[in-house]
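Computation of the quantities below employed the complete heavy-atom set of this structure, encompassing side-chain atoms and omitting hydrogens, waters and symmetry-equivalent molecules. Naming: A, B, ... by sequence-line order, numbering from 1 per chain.
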There are 2 protein chains.
Amino acid sequence: MKLKDDRKVTQIFQSALKLVAKKGLSGVTMGDISREAGIATGTLYVYFKGKDELINALFAACRENSVQVSFKGYNPQLPFKPGFKNIWLNILRYKLQHFEEVIFMEQCYHSPFITADTREKAQQLSAPFYALMERGQKEQLIKQTDTGLLLTFMLGAMNELVKQTHYSGITLNRSRINSTFDLCWDALKA
Amino acid sequence: MKLKDDRKVTQIFQSALKLVAKKGLSGVTMGDISREAGIATGTLYVYFKGKDELINALFAACRENSVQVSFKGYNPQLPFKPGFKNIWLNILRYKLQHFEEVIFMEQCYHSPFITADTREKAQQLSAPFYALMERGQKEQLIKQTDTGLLLTFMLGAMNELVKQTHYSGITLNRSRINSTFDLCWDALKA
DNA sequence: TTTTAAAGTGAATATATATTCACTTATCTT
DNA sequence: AAGATAAGTGAATATATATTCACTTTAAAA
C-alpha cells in the first residue's frame with residue numbers, strides 16, 4: 001500500500017519553519033502551515049497527531065541535524081585550534097543557511113509546546129560540545145571557566161550575529177567571517 | 001474623576017511578563033493575564049485597546065527602561081574601560097534582575113504583534129550604545145569591526161549568559177561576574 | 001485488471017480566545 | 001450628601017483555530 005512520504009514531512013517542516021520565522025510561533029496556525037505546504041489541513045493530521053507533536057518533531061529534527069553537521073570533518077587527532085575553527089565554521093554556516101531554524105528554536109525555548117522530554121533529548125546532544133571545550137582547557141588553550149558558560153557565551157554570540165547579519169542584509173565574506181571568529185576566539189582563549 | 005492607576009498598568013505588565021517567560025508568547029491569553037493580575041478581563045480593555053496594544057506598550061516600556069538603566073552612572077569624562085565596564089555591569093544586572101523581560105523581548109522579536117513603528121522606536125534607542133563603541137574604537141581600545149557586529153556579539157552573548165545563569169540556578173558572585181566580563185572584553189578589545 | 005488499504009481532502013465541528021457591553025462600584029466635585 | 005463620571009466587572013458574543021470524519025484519490029498487491 002502507499003507509504004507516507006518523507007519528502008512531504010520535509011515540506012511540512014519547511015513550511016512551518018518559514019512561517020514561524022516570519023510571524024513567530026504565536027502567529028502560525030495549522031491552516032497556515034498546510035496552505036504554505038500546498039496540502040489539505042487534514043493531511044497534517046495524517047503525519048502528526050496534532051500541532052504539539054508537529055512542533056516537537058520539528059524541534060527534535062532541527063536539533064539533531066544541526067549537531068550532526070557541526071562535527072562534520074572534525075578529527076580529534078589534529079591540533080585543537082584548527083579543529084575548533086572547523087566546528088565553529090560548521091555551526092556558523094549552518095545557522096546562516098538555516099536562519100529559520102535559529103528563529104524557530106529560539107521561539108520554542110519558552111513555549112508550552114516543547115515537552116520536558118524533547119528538551120532533555122536536545123540537551124543530551126550537547127555532550128560533544130562540552131567535550132570539545134574540555135579538551136581545549138586540558139591543553140591550556142581555553143579559559144578555565146565553567147564550560148557551560150563558555151559554550152553559552154559563544155553560541156549566544158553566534159546566534160545574535162546570524163540574526164544581525166540576516167537583518168542587515170550583509171553577506172559575510174571570508175575576511176568578515178575570520179574577524180568574527182577572532183572575536184570568539186579572543187573571548188575564549190586562555 | 002477617578003484616574004487610571006499607573007500601578008495597575010505595572011501590575012498588568014508584570015503579569016504578562018511572568019506568564020510569557022513561563023509559557024511563551026503563544027501560550028498566554030488575555031484571560032491568563034487578567035487572572036494573574038487579579039483583575040477582570042474587561043479591565044484590560046480599559047487600559048489597552050486590545051492584546052496587540054498591550055504587547056506593544058510592554059515591549060516599548062521594557063526597552064526604554066533597560067536603555068535608561070544601562071547608562072546610569074556613566075561619565076564620558078572618565079577613561080573608557082571603567083566606563084564601559086560600568087555600562088556592561090548595568091546591563092548584566094538589569095538582565096539578571098529582569099529575566100522575564102529578556103525572554104519577553106526575545107519572543108516578541110519575531111512575533112506579528114510588534115509593529116514596524118514599535119520596532120523602529122526601539123532601534124532608535126540603541127544610538128548611545130553605538131556611540132560608546134565608536135568612542136572605544138577612536139581610542140584604539142576596541143577592534144575596528146562594524147560596531148553593529150560588536151554590539152550584537154556582546155549583547156547576544158550576555159543574553160544567553162543570563163539565560164544559562166537562570167536555568168542552572170547559579171548565582172553570579174563578584175568573581176564569576178568579573179571572569180564573564182573578561183570574556184566580553186577580550187573579545188572586543190583591539 | 002481488480003482489489004485493498006493507506007494517503008489525501010476540506011467542509012463541518014469542537015474548542016479556545018479575544019473582545020464587547022450592560023451593569024456595578026468607586027471616587028471626585030459641588 | 002447628591003450627582004456626575006470614570007474605573008471595574010464578567011457573562012455573553014464574536015472570532016479564530018485546532019481537530020475530526022465521511023469521502024475521494026492513489027498506488028501497491030493479488
Among D:dT19, D:dG8, C:dT19, the nucleotide that comes nearest once only the side chain of B:Thr41 is considered: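 The answer is C:dT19.
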Do any side-chain nitrogens or oxygens of [X] fall under 4.0 Å of OP1 or OP2 in [N]?
{"X": "B:Lys49", "N": "C:dT19", "result": "no"}
{"X": "B:Thr43", "N": "D:dT9", "result": "yes"}
{"X": "A:Tyr45", "N": "C:dT9", "result": "no"}

Let me know the distance between [atom1] of [X] and [atom2] of [N], rounded to the nearest Å.
{"X": "B:Lys51", "N": "D:dT15", "atom1": "NZ", "atom2": "P", "result": "17 Å"}
{"X": "B:Phe113", "N": "C:dT17", "atom1": "CZ", "atom2": "P", "result": "12 Å"}
{"X": "B:Ile12", "N": "D:dA7", "atom1": "CD1", "atom2": "P", "result": "12 Å"}
{"X": "B:Lys8", "N": "C:dA26", "atom1": "NZ", "atom2": "P", "result": "11 Å"}
{"X": "A:Asp52", "N": "D:dT17", "atom1": "CG", "atom2": "P", "result": "16 Å"}
{"X": "B:Phe48", "N": "C:dA18", "atom1": "CZ", "atom2": "P", "result": "15 Å"}

Qualifying side-chain hydrogen bond (donor to acceptor under 3.5 Å, both in side chains) pairs with a residue from residues 101-111 of chain B, counting only residues at least two apart or across chains: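 Checked against side-chain hydrogen bond (donor to acceptor under 3.5 Å, both in side chains) - neighbours excluded - the pairs reaching residues 101-111 of chain B are A:Tyr167-B:His110, B:Tyr94-B:Glu101, B:His98-B:Glu101, B:Glu106-B:Lys163.
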Close approaches to DNA chain C from residues 15-23 of chain B, in residue order (heavy atom, under 4.0 Å):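 Nothing qualifies; none.
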Side-chain donor-acceptor contact under 3.5 Å, A:Asn178 with A:Ser175: no
A:Thr118 backbone acceptor or donor facing A:Thr115 side chain under 3.5 Å: yes
Presence of salt bridge, A:Lys138 and A:Glu134, under 4.0 angstrom: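 Between A:Lys138 and A:Glu134 there is no salt bridge, as every charged N stays at least 4.0 Å from the carboxylate O atoms.
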salt_bridge(A:Asp182, B:Lys143) N-O dist < 4.0 Å: no
Distance under 6.0 Å and angle within 45° of ring axis: A:Lys8 vs A:Tyr47: no
Spatial distance of atom CZ (B:Arg119) from atom CD1 (B:Ile114) [nearest 0.5 Å]: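 So the gap between those two atoms works out to 6.5 Å.
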Hydrophobic cluster membership, A:Phe181 vs A:Val69, 4.5 Å side-chain cutoff: no
Selection: residues 25-40 of chain B, any non-hydrogen atom under 4.0 Å of DNA chain D: B:Ile39, B:Ala40
Closest non-hydrogen atom pair, B:Ala21 against B:Glu100: CB-CG, 3.6 Å
